[in-house]
Visitor: 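Encoded as structure tokens, here's the structure I'll be asking about.
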Amino acid sequence: MARFTFRLPDIGEGIAEAEIVAWHVKVGDRIEEDQQVADMMTDKATVEMESPVSGVVVELAGEVGDSVAIGASLMVVETDEAVAEEAPAAEAPLAEAPVAEVVEEQIAAETPGVPEVVEETAPPAPAAAPAPAPVPAPAPESVEQARHVLASPAVRARAKDLGIDLAEVKHDGSHIRHSDLDAYLRYGSGQGYHAPHASRAREDEAVKVIGMRRRIAENMAAAKRAIPHFTYVDEIDMTALEAMRADLNANRGSRPKLTMLPFLIVAICRTLPDFPMLNARYDDEGGVVTRHGRVHMGMATQTDAGLTVPVIRDAQDMNVWQLAGEIGRLAEAARTGKIKSEELQGGTITITSLGPLGGIATTPVINRPEVAIIGPNKIVERPVFVGDEIVRAKLMNLSISCDHRVVDGWDAASYVQALRKLLETPVLLFAD
């Protein structure tokens, strides 16, 4: 018998440590080679760690939420001696891990790590123990339910902890979210979503802030501490643009359906050349503001794991159809955890939209080190005066938050007025 020390490998350029966000094994478990044993989160992605050997787990590095340095011991496995001899320290394989989820900025790092084998003298083998009883296979009904219920690993883990059968949880989308679990707990399994009188008290729940939620908390706190925010809001008549969007969708053929977002991005790109202080990044330490000539549009996207900001590269060169396709691709990649780390970097300005869920106004937090973020709100239909007549109009409030160290209030207001002119006269969006 021998012990194999699986050290955390170098899982990304410039990464010094990674956070344990999930263990899939515990001490005493029998594992097989290539079996997933842990999920480790860097500042860029969640990486699945796979064991390079088979054996019994005798030691784990820490608990969920703890950080492990590159090259430090992640797990110790007691292996068969023959297996250990076949995997000398100099040739131990690195655990390759696909990217599963995404977060924001990278941190500096230096020391790569390699799994190594440490031979130890083991006590004489005890008499053969009786074979463990086989684990019963799940009932056919459970297998059938699992096949038809879609949910993220985090949602499944929470449901398991709460003793909730996901097959009983009602949901409106393609898969079950945390909000669906909340509604299930709030209204009870037998009453559905439309019976608030059936609500019952829940026990207090202490949730450790780890993984992506920790990164989001740290980044938002740093942005609010370092950046003196101000927000400007104005009302825009979207009636003509909504009519144009409906016409284009009715004749789109095989092209993607247009939401309002591609039109907003085109308008933003058209107006930014006259307001270069908005399409910029501020280096706090160097005291330098870089005004960018190209627009790399950050797109705040909500996922089951938290908020991410994919970046649409060179948005100024795309038309509404191309933008619609890129928006759909990046959003899907972010929600399924398949987005690449380079698609989360280098944004110069960000747009954040809650779509139909949007309220009257928002005060979005700037995506540091950018200096501006634009937040379109919900479009509502209201009566307005046109001369002496009252007509129906589709109105939307547009919010912009800016870094007051770089952008003055006059600049922000003037920029929104320029946006307003394009959006209220949408033919200008397509004019040379």
Visitor: If every non-hydrogen atom of Val233 is compared with every non-hydrogen atom of Ala361, which pair is closest and at what distance?
Guide: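 Heavy-atom minimum between the residues: CG1-CB, 4.2 Å.
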Visitor: Nearest heavy-atom pair of Ala324 and Pro256: which atoms, and what distance?
Guide: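 Smallest interatomic distance, heavy atoms only, reads CB-CG, 3.9 Å.
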Visitor: Are more than 12 heavy atoms from other residues, nucleotides or ligands located less than 6.0 Å from atom NZ of Lys208?
Guide: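 Atom NZ in Lys208 is packed in, count exceeds 12.
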Visitor: Indicate the atoms forming the closest heavy-atom contact of Thr271 with Phe275, along with that distance.
Guide: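 Where Thr271 meets Phe275 most closely, the heavy atoms are O-CD1, 3.3 Å.
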Visitor: Please round to the nearest 0.5 Å and tell me the distance separating atom SG of Cys402 and atom CD1 of Ile373.
Guide: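 It is 10.5 Å, given to the nearest 0.5 Å.
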Visitor: For Leu74 and Arg7: C-alpha separation, side-chain torsions, deciding distance, then whether side chain to side chain contact (heavy atoms under 4.5 Å, CB included) applies.
Guide: CA-CA 5 Å; Leu74 178 64; Arg7 300 187 182 277; over 6 Å; no
Visitor: Run the numbers on Ile164 and Val169 for side chain to side chain contact (heavy atoms under 4.5 Å, CB included), then give the verdict.
Guide: CA-CA 8 Å; Ile164 297 174; Val169 179; 3.6 Å; yes
Visitor: Is the closest side-chain donor-acceptor distance between Thr231 and Ser401 under 3.5 Å?
Guide: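 The answer is yes; a qualifying pair exists.
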Visitor: When you measure from the side chain of Trp321 to the backbone N and O of Lys257, does any donor-acceptor pair fall under 3.5 Å?
Guide: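 Pair absent, no side-chain N/O of Trp321 close to backbone of Lys257.
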Visitor: May I ask you to decide if Leu395's main-chain N or O and Asp237's side chain share a donor-acceptor pair within less than 3.5 Å?
Guide: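 No.
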Visitor: Do the non-hydrogen side-chain atoms of Arg245 and Pro426 ever get within less than 4.5 Å of each other?
Guide: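 No, their side chains stay 4.5 Å or more apart.
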Visitor: How far apart are the closest heavy atoms of Pro276 and Ala280, and which atoms are they?
Guide: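 So the two residues come closest at O-CB, 4.1 Å.
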Visitor: Can you list everything that forms a side chain to side chain contact (heavy atoms under 4.5 Å, CB included) with Lys378? Sequence neighbours excluded, please.
Guide: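 If we apply the side chain to side chain contact (heavy atoms under 4.5 Å, CB included) test to Lys378, skipping adjacent residues, the hits are Val380.
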Visitor: Test your reading of the model: is there a side-chain donor-acceptor pair from Gln35 to the backbone of Glu32, 3.5 Å cut-off?
Guide: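 It does hold such a pair.
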Visitor: Between Thr259 (side chain only) and Leu261 (backbone N and O only), is there a donor and an acceptor less than 3.5 Å apart?
Guide: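 Checking the backbone N and O of Leu261 against the side chain of Thr259, a donor-acceptor pair under 3.5 Å is found.
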Visitor: Would you call Asp317 and Arg294 a salt bridge, using N to O less than 4.0 angstrom?
Guide: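 Yes.
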Visitor: Side-chain contact test, heavy atoms from C-beta onward, threshold under 4.5 Å: evaluate it for Ile268 versus Phe263 and give yes or no.
Guide: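 Side chain of Ile268 against side chain of Phe263, heavy atoms only: no contact under 4.5 Å found.
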Visitor: Could you go step by step and tell me if Glu33 and Val53 meet the side chain to side chain contact (heavy atoms under 4.5 Å, CB included) rule?
Guide: CA-CA 4 Å; Glu33 185 177 350; Val53 297; 5.8 Å; no
Visitor: Please check: side-chain N/O of Asn249 versus main-chain N/O of Ala246, any donor-acceptor pairing under 3.5 Å?
Guide: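 It does not hold such a pair.
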Visitor: Are side-chain heavy atoms of Leu307 and Thr301 found at a separation under 4.5 Å?
Guide: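 They are not in contact (no side-chain heavy atoms under 4.5 Å apart), so the answer is no.
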Visitor: Just checking, is any N or O donor in the side chain of His296 or Asn279 under 3.5 Å from an acceptor N or O on the other one?
Guide: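 The criterion, which ignores hydrogens and geometry beyond distance, is not satisfied for Asn279 and His296.
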Visitor: How long is the gap from CD on Gln302 to OG1 on Thr308, to the nearest 0.5 Å?
Guide: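 Going from CD on Gln302 over to OG1 on Thr308, the span is 8.0 Å.
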Visitor: Which heavy-atom pair separates Arg156 from Ala151 by the least distance, and what is that distance?
Guide: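 Closest heavy-atom pair between Arg156 and Ala151: NE-O, 3.4 Å.
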Visitor: Going through the checks in order, is the side chain to side chain contact (heavy atoms under 4.5 Å, CB included) test met by Glu17 and Val68?
Guide: CA-CA 5 Å; Glu17 62 180 9; Val68 179; over 6 Å; no
Visitor: Is a salt bridge present between Glu326 and Arg329, judged by a nitrogen-to-oxygen distance below 4.0 Å?
Guide: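 Between Arg329 and Glu326 there is a salt bridge, with a charged N closer than 4.0 Å to a carboxylate O.
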Visitor: Please examine the side chains of Ile339 and Leu344, heavy atoms only from C-beta on, and report whether any two atoms are closer than 4.5 Å.
Guide: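 Result yes, sub-4.5 Å side-chain heavy-atom pair found.
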Visitor: Could you tell me whether the side chain of Arg281 reaches within less than 4.5 Å of the side chain of Val371, counting heavy atoms only?
Guide: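 They are not in contact (no side-chain heavy atoms under 4.5 Å apart), so the answer is no.
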Visitor: Does a side chain donor of either Ser399 or Asn377 reach within less than 3.5 Å of an acceptor in the other side chain?
Guide: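 Yes, Asn377 and Ser399 have a side-chain donor paired with an acceptor closer than 3.5 Å.
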Visitor: Hey, could you give me the CD/CZ distance between Glu343 and Arg313, rounded to the nearest 0.5 Å?
Guide: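 Between atom CD of Glu343 and atom CZ of Arg313 there are 8.5 Å.
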Visitor: With rounding to the nearest 0.5 Å, note down the distance linking CD in Glu370 to OG1 in Thr350.
Guide: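 So the CD of Glu370 and the OG1 of Thr350 are separated by 3.5 Å.
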Visitor: Do the side chains of Asp165 and Lys160 get close enough for a salt bridge, i.e. N-O under 4.0 angstrom?
Guide: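 Salt bridge between Asp165 and Lys160, a charged N being under 4.0 Å from a carboxylate O: no.
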Visitor: Side chains of Val58 and Arg3: closer than 4.5 Å at any heavy-atom pair?
Guide: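 Yes, at least one pair of side-chain atoms sits under 4.5 Å.
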Visitor: In plain terms, say whether Asp304 and Arg335 are close enough for a salt bridge, that is, a side-chain N and a carboxylate O under 4.0 Å apart.
Guide: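 Answer for the salt bridge query: no.
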Visitor: Are Glu235 and Arg382 within salt-bridge range, i.e. N to O under 4.0 Å?
Guide: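 Yes, charged N to carboxylate O under 4.0 Å.
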Visitor: I need the Leu429 CG to Ile265 CD1 distance, nearest 0.5 Å.
Guide: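 These two atoms lie 12.0 Å from each other.
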Visitor: Where the side chain of Gln322 meets the backbone of Asn319, is there a donor-acceptor pair that is under 3.5 Å apart?
Guide: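 Flag set: sc Gln322 to bb Asn319 pair under 3.5 Å.
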Visitor: Under the 3.5 angstrom rule, does the side chain of His229 hit a backbone N or O of Ile366 as a donor-acceptor pair?
Guide: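 Such a contact is found between His229 side chain and Ile366 backbone.
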Visitor: Compute whether any side-chain donor of one residue and acceptor of the other, for Asp283 and Thr290, lie under 3.5 angstrom apart.
Guide: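 Looking only at side-chain atoms, Thr290 and Asp283 do not form any donor-acceptor pair under 3.5 Å.
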Visitor: Please determine whether a side-chain nitrogen of the Lys or Arg among Asp234 and Arg420 lies less than 4.0 Å from a carboxylate oxygen of the Asp or Glu.
Guide: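 Arg420 and Asp234: salt-bridged.
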Visitor: His404: which residues meet the ring-ring contact (aromatic ring centres under 6.0 Å, His included) condition with it, sequence neighbours left out?
Guide: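 Only Phe230 meet the ring-ring contact (aromatic ring centres under 6.0 Å, His included) criterion with His404.
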Visitor: So how far is it from Gln36 CD to Ser51 OG, rounded to the nearest 0.5 Å?
Guide: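 The distance works out to 11.5 Å.
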Visitor: Could you check whether any side-chain heavy atom of Met299 comes within less than 4.5 Å of a side-chain heavy atom of Val311, counting everything from C-beta outward?
Guide: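 Not in contact.
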Visitor: Quick one: are Leu278 and Asp411 in side-chain contact, heavy atoms under 4.5 Å?
Guide: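 Heavy-atom side-chain distance check fails, nothing below 4.5 Å.
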Visitor: Considering non-hydrogen atoms only, spot the tightest contact between Trp23 and Gly62 and give its length.
Guide: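 Closest heavy-atom pair between Trp23 and Gly62: NE1-O, 2.7 Å.
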